[in-house]
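Here is the structure we will look at, set down as structure tokens.
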Amino acid sequence: MPELIEVEVYRELADRVVGASVEEVVAPDAWFVKGGARPADVVAAVEGRTVVGTRRHGKRLLVDLAGEGPVLGMRFGMTGRLVLDDEAPIGRLEYSSGRDLPAWDRFELRFAGGSILRVSDPRRLGGVELDPDLSVLGPDAWSITLGELVEALRNSRAPLKARLLDQHHVAGLGNLLVDETLWRASLDPARPAADLDRDECRRLARRIRSTITTLYRRGGSHTGDLQVERHRDGRCPSDGAPLERRTIGGRTTYSCPVHQR
DNA sequence: ATTGTGGCCTGCCCGC
DNA sequence: TGCGGGCAGGCCACAA
């Protein structure tokens with residue numbers, strides 16, 4: 001997916017429909033409706049209500065609606081994009097084309113006045129949900145505190161990277177963001193999570209926040225310094241050493257064997 | 001509960 | 001040009 005940064009950009013886009021009333025919900029793909037609800041349930045719960053605000057927690061986008069009824073939640077999987085009136089804030093995701101086929105439209109909100117907000121997702125790994133349970137998610141990575149990070153890593157023998165990717169413990173980080181963050185924090189992604197000492201945790205907490213802020217300003221999770229070297233034969237942008245390529249936490253992982261310890 | 005694995009679903013890109 | 005294989009920024013159901 002889109003990682004937390006992209007979802008934040010989507011949230012800003014969705015924020016533009018605050019004040020608009022949902023005239024019609026188009027949910028042509030039952031698979032895309034999660035949490036045990038059917039498309040008709042979403043239609044019934046959302047149609048006629050006015051958007052009053054948007055929120056984000058981790059990679060989850062929430063659309064608050066006026067009056068009684070559930071919150072609308074959206075997730076974007078790896079290839080989901082949010083588009084408002086045919087304007088996509090992110091034209092092209094890494095590992096996807098810039099194409100936008102009607103067949104990929106999985107969910108639409110049509111507003112009084114004519115605006116259309118839609119989720120386009122070729123792989124159908126995203127989804128929409130009513131009243132998503134946020135209690136299963138860890139603290140949002142962008143604002144994570146030292147205390148929260150220490151808690152997230154405590155007693156875990158899993159590789160540091162795997163723990164950071166686990167949305168139950170830290171919400172919002174994806175594969176690219178974690179690799180970039182650990183590279184900047186000079187930490188080996190394979191270290192057991194609980195082995196970090198206090199200073200390393202402090203360094204990591206700061207790096208998580210600053211990396212997200214930096215990459216957000218640059219324009220996305222794929223704008224990290226490590227990104228251009230994410231291939232076999234890639235070299236560390238900082239010291240020139242050949243990067244190590246491994247599978248950690250089930251994900252392709254690039255790291256520098258020299259300065260990430 | 002924790003951790004690892006496989007699978008979901010589909011498109012893209014590379015090499016033959 | 002066509003085809004097969006490998007890859008993919010995520011997540012969930014399982015098993016040990």
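Values reported hereafter were calculated over all heavy atoms of this structure, with side chains retained and with hydrogens, waters and symmetry mates removed. Chain naming here is simple, since letters A, B, ... match the order of the sequence lines and numbering starts at 1 in each.
With rounding to the nearest 0.5 Å, the separation of CD in A:Gln260 from CG in A:Asp179 is 8.0 Å. In this structure, the separation between OG1 on A:Thr214 and CZ on A:Arg184 is 5.0 Å, given to the nearest 0.5 Å.
For A:Glu6, the listed nucleotide lying nearest its side chain is C:dG9; candidates were C:dG9, B:dT3, C:dG10. For A:Arg99, whose side chain is taken as the heavy atoms from C-beta onward, the closest listed nucleotide among C:dG9, C:dC11, B:dG11 is B:dG11. With distances taken from any side-chain atom of A:Arg123 to the nucleotides C:dG10, B:dT3, B:dC9, the minimum falls on B:dC9. Comparing atom distances between the A:Arg75 side chain and each of C:dG9, C:dC11, B:dG4 picks out C:dC11 as nearest. For A:Leu176, the side-chain atoms get nearest to C:dG9 when compared with the rest of B:dT2, C:dG9, C:dG10. With C:dC11, B:dG4, B:dT2 as the choices, the nucleotide that has an atom nearest any side-chain atom of A:Lys59 turns out to be C:dC11. Set against B:dC12, C:dG9, B:dT3, the side chain of A:Trp104 has B:dC12 as its closest nucleotide.
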Annotated protein contacts, base or backbone, on nucleotides 1-7 of chain C with a non-hydrogen cut-off under 4.0 Å, one of B, S, - each: ------S
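Residue A:Gln167 places no side-chain atom within donor-acceptor reach of the base of C:dG10, judged by atom type and a 3.5 Å distance cut-off alone. For B:dC9, the base has no donor-acceptor partner in the side chain of A:Arg124 [N/O atoms by modelled type, under 3.5 angstrom].
In this structure the side chain of A:Glu47 reaches within 4.5 angstrom of the side chain of A:Glu24, judged on heavy atoms.
Checking the phosphate oxygens (OP1, OP2) of C:dC11, no side-chain nitrogen or oxygen of A:Arg251 falls inside 4.0 Å. One finds no side-chain N or O of A:Thr79 lying less than 4.0 angstrom from the OP1 or OP2 phosphate oxygen of C:dG10.
Although no hydrogens or angles enter the test, the distance criterion places a donor-acceptor pair under 3.5 Å between the side chain of A:Lys34 and the main chain of A:Trp31.
Scanning all heavy atoms of the two residues, the minimum distance from A:Pro132 to A:Leu62 falls at CG-CD2, 3.4 Å. Heavy-atom minimum distance, A:Val22 versus A:Val46: CB-O, 3.8 Å.
When both pairing distances are held under 3.5 Å, C:dG5 makes a Watson-Crick or G-U pair with B:dC13.
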